[in-house]
Amino acid sequence: MKQIWRRENLYQFAKAKLSDYLFICVSNREPYIHSYRCNEIKCDTAVGGLTTAIEPVISAIGGIWIAHGSGNADRDMVDSKNKLMVPPGEPFYTLKRIWLSDTEVNDYYYGFSNQALWPLCHAVDIKPIFNEAQWHTYKRVNEIFARNVLEEIKDRRSIVFIQDYHFTLLPRLIKKVSPETIVAQFWHIPWPRQKTFQSCPWREEILIGLLGNDLLGFHTVRHCRNFLTTVNRVIGDSKVNYEKAEITIGESKTEVRPFPISVDFEQISRKAQGLDVKEEIERLKRELNLDDKLIGVSIDRLDYIKGIPRRLMAIGHFFEKYPEYKGKMTFIQVTVPSRMDIPSYRDLGEKISALEERVNLKYAMGKWKPIVTMVGPLPAITIVALMSMANLCIVSSLHDGMNLVAKEFVASRHDNDGVLLLSRFAGAAGELGDALLINPYTVDQLAAAIEKALVMPRVERYKRMRRKRRLVKENNIYKWAADIISSLAELT
Ligand code: F6P
């Protein structure tokens, strides 16, 4: 058995390796968001594993998190330097909030980040929109973040750890002014094939920006290779060493590495064993009329990369092809609305509702209907309960950097039961080969895979789930951070 990384080991490790440095994390989404609800200020924690992974590091070596202040009560919580101590209740590090105007948010976040780079990198049904004005605002926002990062660095030895595609220009902007600073970035989405990336009118500027990083991380080896090839084709004076996964331009060198992100396995597994989850399962079964039913579940952000319409078509096809399951199997689709200011996301919401209605109208019998929909965000306890009570979980992304729902499902199955149907095009498929790997584009194959999952013998279900659990346990979110720390330490 390999070492299991925990919050405490990560803390000690970061302290031993990097304690001479100031650690600055930069992301678009802030780890804590303050909003007015019923005339009171409430604080929400950003979903996902990033905060879980970064906080032990910041607490070990000291640091600051810089992010866009997006909550409507955010301004009321900061000091004159736009800073506050977090987490609320047990504050130990500084969150510095960056204010952006509505136009900046529209052009930089909804515009260039999510209507150009997001579809460009996922390369599915929706095509990128390249808009010059949005690109200019995106550049300006990168400059705003750069100024704020540099203000914190002053002349201190620092490591800047940047998150995601919102900040492709930031690494170079920091390096230009502060070449001694170690700059690293993690790209949370896929990197496309070089031919696809070539369609971006500002490809060179973006790549030069990213090559300001000393270390650039992706989820998978394939994304790393795609990036190396893209640079090789686009940047004439770059030297790409495929063996070492390194890129040199003049004096600067960027190491490109895979770091598959993960979840807090033990925390989820423990939570799933709690009495409150048991009670929540009973409540859900009672209220949704699921007592003697087989249950399928999917939980997604409402995004066109998740393959939700084809999945719902496959559910319809499943009842057509296997009518013996009518009245016996219920599929629960949880969707969490996201980026609703973008037309393609709104259209998707409407398309999904229409499909659900169509399938339900066609196959419902008495009190039973094939698809039950729930709109998130749902409380964590409900999510864990849904995952724990399901016979199968479908992750049918058309393309996904990693997909943490797949890993959360595995972590919640302390009973070793449940079947994961996982898209071949999600980064998680590279690690979770024991899932039923599916092609999310073929509706009838997906329907057949649902049937296969439902008739899978118990012994096989257990064997597959046990192997997946060991893998996610060993490769948890703390290991993700520890691997990045090790690579950063080599750069010091
Ligand atoms: O997968 C990329 C990502 O940025 C995640 O880091 C994040 O959880 C998700 O997309 C949603 O992003 P947002 O709501 O901040 O646009």
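Atoms within each ligand, like the ligands themselves, are counted from 1 in listed order. Only heavy atoms go into these numbers, but all of them, side chains included; no hydrogens, no water, no symmetry mates.
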Item to complete: Using distance alone, decide if ligand 1 has a nitrogen or oxygen within less than 3.5 Å of any nitrogen or oxygen in Asn28.
Response: no

Item to complete: Tell me yes or no: between the side chains of Gln163 and His188, is some donor less than 3.5 Å from an acceptor?
Response: yes

Discussion item. Working note: Tyr138 + His136, criterion ring pair (Phe, Tyr, Trp, His ring centres under 6.0 Å); need CA distance, chi angles, decisive distance, verdict.
Written reply: CA-CA 5 Å; Tyr138 177 89; His136 285 297; over 10 Å; no

Item to complete: Would you please classify the geometry between the Phe167 ring and the Tyr108 ring as parallel, tilted or perpendicular, with 30° and 60° separating the classes?
Response: tilted

Item to complete: Assess the side chains of Thr230 and Arg203: does a donor N or O sit below 3.5 Å from an acceptor N or O?
Response: no

Fill in: Trp118 N/O under 3.5 Å from ligand 1 N/O
no

Fill in: Heteroatom distance test (Arg339, ligand 1): nitrogen or oxygen, under 3.5 angstrom
yes

Worksheet item: Are any of the N or O atoms of Arg29 closer than 3.5 Å to those of ligand 1?
Response: yes

Practice prompt. Would you check if the distance from the ring center of Phe259 to the ring center of Trp480 is below 6.0 Å?
Written response: no

Discussion item. Check whether Trp118 forms a cation-pi arrangement with Arg339 (NZ or CZ under 6.0 Å from the six-membered ring centre, at most 45° off the ring normal).
Written reply: yes

Worksheet entry | Atom indices of ligand 1 within 4.0 angstrom of Arg301 heavy atoms, with elements | 9 (C), 11 (C)

Fill in: Nearest neighbour in protein (non-hydrogen) for atom 8 (O) of ligand 1
Val47 O, 4.9 Å

Worksheet item: Heavy-atom distance to atom 5 (C) of ligand 1: which of Asp164, Ile189, Asn114, Leu50 wins?
Response: Asp164

Discussion item. Could you tell me, atom by atom, which parts of ligand 1 come under 4.0 Å of a heavy atom of Tyr109?
Written reply: 13 (P), 14 (O), 15 (O), 16 (O)

Discussion item. When you measure from atom 2 (C) of ligand 1 to the protein, is at least one non-hydrogen atom found at a distance under 4.0 Å?
Written reply: yes

Fill in: Heavy atom of protein closer than 4.0 angstrom to atom 13 (P) of ligand 1
yes

Discussion item. Please determine whether side-chain contact (heavy atoms from CB on, under 4.5 Å) holds for the pair Leu210 and Trp191, giving the CA-CA distance in whole Å, both sets of side-chain angles, and the decisive distance to 0.1 Å.
Written reply: CA-CA 12 Å; Leu210 286 170; Trp191 189 273; 3.7 Å; yes

